[in-house]
2 protein chains.
Amino acid sequence: MRLVVASCAARYTGRLSAHLPRATRLLVVKADGSVLLHSDGGSYKPLNWMSPPCTLVVGEPDDESRAAGVTAVWTVQHQKSDDRLEIELFEVLHDSAHDLGVDPGLVKDGVEAHLQALLAAQIGLLGSGHVLVRREYPTAIGPVDILAKDPTGGSVAVEIKRRGDIDGVEQLTRYLELLNRDPLLAPVRGVFAAQEIKPQARVLATDRGIACLTLDYDAMRGVDDVDSRLF
Amino acid sequence: MRLVVASCAARYTGRLSAHLPRATRLLVVKADGSVLLHSDGGSYKPLNWMSPPCTLVVGEPDDESRAAGVTAVWTVQHQKSDDRLEIELFEVLHDSAHDLGVDPGLVKDGVEAHLQALLAAQIGLLGSGHVLVRREYPTAIGPVDILAKDPTGGSVAVEIKRRGDIDGVEQLTRYLELLNRDPLLAPVRGVFAAQEIKPQARVLATDRGIACLTLDYDAMRGVDDVDSRLF
DNA sequence: CGCTATATTTCGGGC
DNA sequence: GCCCGAAGTATAGCG
């Protein structure tokens with residue numbers, strides 16, 4: 001990994017065209033050739049970058065650029081597309097290289113899966129008398145998060161999201177369409193369950209006769225600690 | 001901006017829980033206090049990070065950690081949530097600080113908004129005699145990019161994408177379903193307009209009676225320079 | 001390899 | 001400020 005802090009200007013052409021006026025920035029060249037241009041704020045997203053696989057060529061400025069103070073020109077060309085990032089370096093304040101080796105990567109644990117386990121354990125949240133049929137009930141287009149039976153014996157399909165968006169309602173709608181073709185299950189009601197349901201998603205769900213259920217993660221954790229069943 | 005290259009391990013708790021086993025990484029501390037942990041590959045996304053506003057506290061390791069080789073402990077706490085990133089530093093290979101100043105930021109052009117402005121200005125591309133009703137026509141589930149009238153007085157809803165994918169057809173379908181319930185508008189025809197329409201999207205659109213319109217960005221810019229109205 | 005769904009998404013625009 | 005959609009989205013899981 002090479003770290004350069006320099007006054008620079010950049011131009012990107014590819015999916016879009018964009019340019020960066022001259023300013024002092026951090027340039028990171030990773031082992032795979034990818035390049036990041038970071039400012040001293042914003043977020044984890046660089047101002048501009050080139051994703052691997054790509055090739056960095058360090059060149060000399062032409063006379064005009066040199067006269068304008070450019071000391072080097074970096075051309076980063078993507079290997080599979082026309083994406084190209086051109087960086088003009090002016091004053092270089094820092095330049096160092098480091099051997100980092102391979103990274104074992106981030107180890108994370110689930111949230112949506114956790115919500116699913118909690119709701120399965122507290123299936124009564126769907127309404128008194130509900131019974132769990134199974135989690136990850138398989139269909140031709142993918143598993144439904146939860147399938148349950150209500151007290152009258154009717155089927156209930158539940159789609160669980162951390163954040164309930166329109167996409168989730170669409171997903172549940174597709175499942176319901178398929179499940180309702182199964183004479184052993186039909187009619188199947190739909191329940192859209194999420195920690196937070198966006199207004200538009202609620203409108204769409206209601207419009208399609210799908211019930212919305214807001215899940216209180218902390219309250220559900222308090223009722224029954226199912227963490228051990230997940231891991 | 002502070003740059004540290006060090007062998008380190010990290011633990012994040014917040015929206016999720018995750019940890020990073022010990023390895024050599026780049027740690028970037030930005031002027032706003034945010035921290036990025038980068039490996040020597042992957043992409044522009046860090047392995048782990050803390051977004052601003054947050055506070056970095058550098059502390060001493062306890063005896064047990066010190067015995068294990070930890071030389072410093074960084075605690076990065078988000079100021080508005082419980083998000084917390086804890087980093088244990090072992091061997092430090094590099095440590096430097098740099099004053100970058102304020103960045104003017106990225107200047108980009110040529111996006112969906114631009115296509116929308118161009119098509120609104122050249123609404124005749126939908127067919128001779130079409131008239132613009134309005135851009136961003138509101139519905140309960142979000143605004144339709146363009147609503148127009150055809151020469152017979154019929155309504156036309158247009159969804160614009162840079163790349164026409166199935167998602168866009170689904171989105172337009174939802175809008176059409178809602179718009180067609182409005183007796184003042186119905187029947188509403190749909191037009192799916194994009195610089196490039198994927199074959200699958202075209203098939204789905206055609207199947208649903210939605211017309212496809214391929215937009216020639218350069219040609220549209222040539223006809224009428226509306227850049228000044230956008231920027 | 002392609003498609004699908006998620007993300008500690010981030011970012012920008014409209015209201 | 002919130003809400004919502006787009007992103008040069010990136011990334012992981014599956015078929």
Side-chain angles (χ1 to χ4, degrees), chain A residues 12-18 34-37 41-52 54 76 78 80-85 105-113 138 140-143 145 159-168 170-172 174 194 196-203, chain B residues 10-20 34-37 41-52 54 76 78 80-85 105-106 108-116 135-136 138-145 159-163 165-168 171 198 200 230:
Chain A
Y12 165 78
T13 54
R15 314 286 186 95
L16 57 71
S17 297
S34 60
V35 176
L36 318 183
L37 260 112
S43 73
Y44 70 68
K45 194 174 183 180
L47 289 165
N48 219 324
W49 71 95
M50 184 61 70
S51 306
C54 63
V76 192
H78 197 269
K80 294 185 177 178
S81 71
D82 293 332
D83 288 31
R84 171 192 288 253
L85 178 61
L106 188 70
V107 182
K108 56 173 83 173
D109 68 45
V111 173
E112 189 183 318
I141 55 169
D145 288 338
E159 177 64 33
I160 301 172
K161 295 287 176 199
R162 200 162 51 75
R163 287 178 189 174
D165 219 330
I166 276 186
D167 287 354
E170 293 286 11
Q171 196 179 341
L172 178 54
R174 290 195 294 270
E196 175 196 350
I197 298 178
K198 298 270 175 75
Q200 295 188 339
R202 191 179 292 275
V203 168
Chain B
R11 179 166 294 278
Y12 166 79
T13 54
R15 314 280 187 97
L16 57 71
S17 297
H19 72 272
L20 279 169
S34 59
V35 176
L36 317 183
L37 262 98
S43 77
Y44 68 67
K45 194 174 182 179
L47 290 165
N48 218 324
W49 71 93
M50 184 61 70
S51 305
C54 63
V76 191
H78 197 269
K80 294 185 177 178
S81 72
D82 292 332
D83 288 31
R84 173 191 287 253
L85 178 61
L106 188 70
K108 56 172 83 173
D109 90 13
V111 278
E112 187 183 319
H114 203 174
L115 281 172
Q116 190 190 107
R135 290 163 60 180
E136 303 287 348
T139 79
I141 57 170
V144 179
D145 287 338
E159 176 64 33
I160 300 171
K161 294 286 175 197
R162 203 161 45 74
R163 288 178 186 177
D165 220 331
I166 278 187
D167 287 355
Q171 196 179 340
K198 299 267 176 77
Q200 295 183 338
L230 255 182

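What you are looking at is a predicted structure, and each value in this text was computed from that prediction instead of being measured.
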A:Leu16 CG - D:dA6 P separation (whole Å): 16 Å

Among the nucleotides D:dA6, C:dT10, D:dT11, which one has an atom lying closest to any side-chain atom of A:Lys45? C:dT10

Spacing of B:Arg135 atom CZ relative to C:dG14 atom P, expressed in whole Å: 9 Å

Under 4.0 Å, heavy atoms only, any strand: does B:Met50 hit a base, just the sugar-phosphate, or nothing? nothing

Measure the distance from OH on A:Tyr12 to P on D:dA7 and round it to the nearest whole Å. 12 Å

How many whole angstroms separate atom CG of B:Leu106 from atom P of D:dT9? 14 Å

At under 4.0 Å between heavy atoms, what does A:Tyr44 touch on the DNA or RNA strands: base, sugar-phosphate, or nothing? sugar-phosphate

Does B:Trp49 put a side-chain nitrogen or oxygen below 4.0 Å from OP1 or OP2 of C:dT10? yes

Test item: A:Leu37 and A:Leu85 side chains (from C-beta on) under 4.5 Å apart, heavy atoms: yes

Hey, which of these two, A:Leu85 or A:Ile166, hits DNA chain D nearer its 5' end, going by closest nucleotide? A:Ile166

What is the distance from CG of A:Asp83 to P of D:dA10, rounded to the nearest Å? 10 Å

Once you round it to whole Å, what is the distance between P of D:dC3 and CZ of A:Arg202? 12 Å

Whole angstrom value for the distance that separates C1' of C:dC3 from CD of A:Gln171: 14 Å

Would you indicate whether the side-chain heavy atoms of A:Asp82 and A:His78 approach each other to under 4.5 Å? no

Separation of atom CD in B:Glu136 from atom P in C:dG13, rounded to whole Å: 12 Å

For B:Gly105 and A:Leu47, the nearest pair of non-hydrogen atoms, with its separation, is CA-CD2, 4.3 Å

Select from A:Gly42 and B:Leu47 the residue whose nearest nucleotide in DNA chain C is closer to the 5' end of that strand. B:Leu47

Please tell me if the side chains of A:Tyr44 and B:Tyr44 come closer than 4.5 Å, counting only heavy atoms from C-beta onward. yes

Taking the side chain as every heavy atom from C-beta outward, state whether B:Arg84 and B:Arg11 have any pair of such atoms under 4.5 Å apart. no

With sugar-phosphate meaning primed atoms plus P, OP1 and OP2, does A:Ser51 contact a base, only sugar-phosphate, or nothing at under 4.0 Å between heavy atoms? base

State whether B:Lys161 places a side-chain N or O below 4.0 Å from either non-bridging phosphate oxygen (OP1 or OP2) of D:dA6. yes

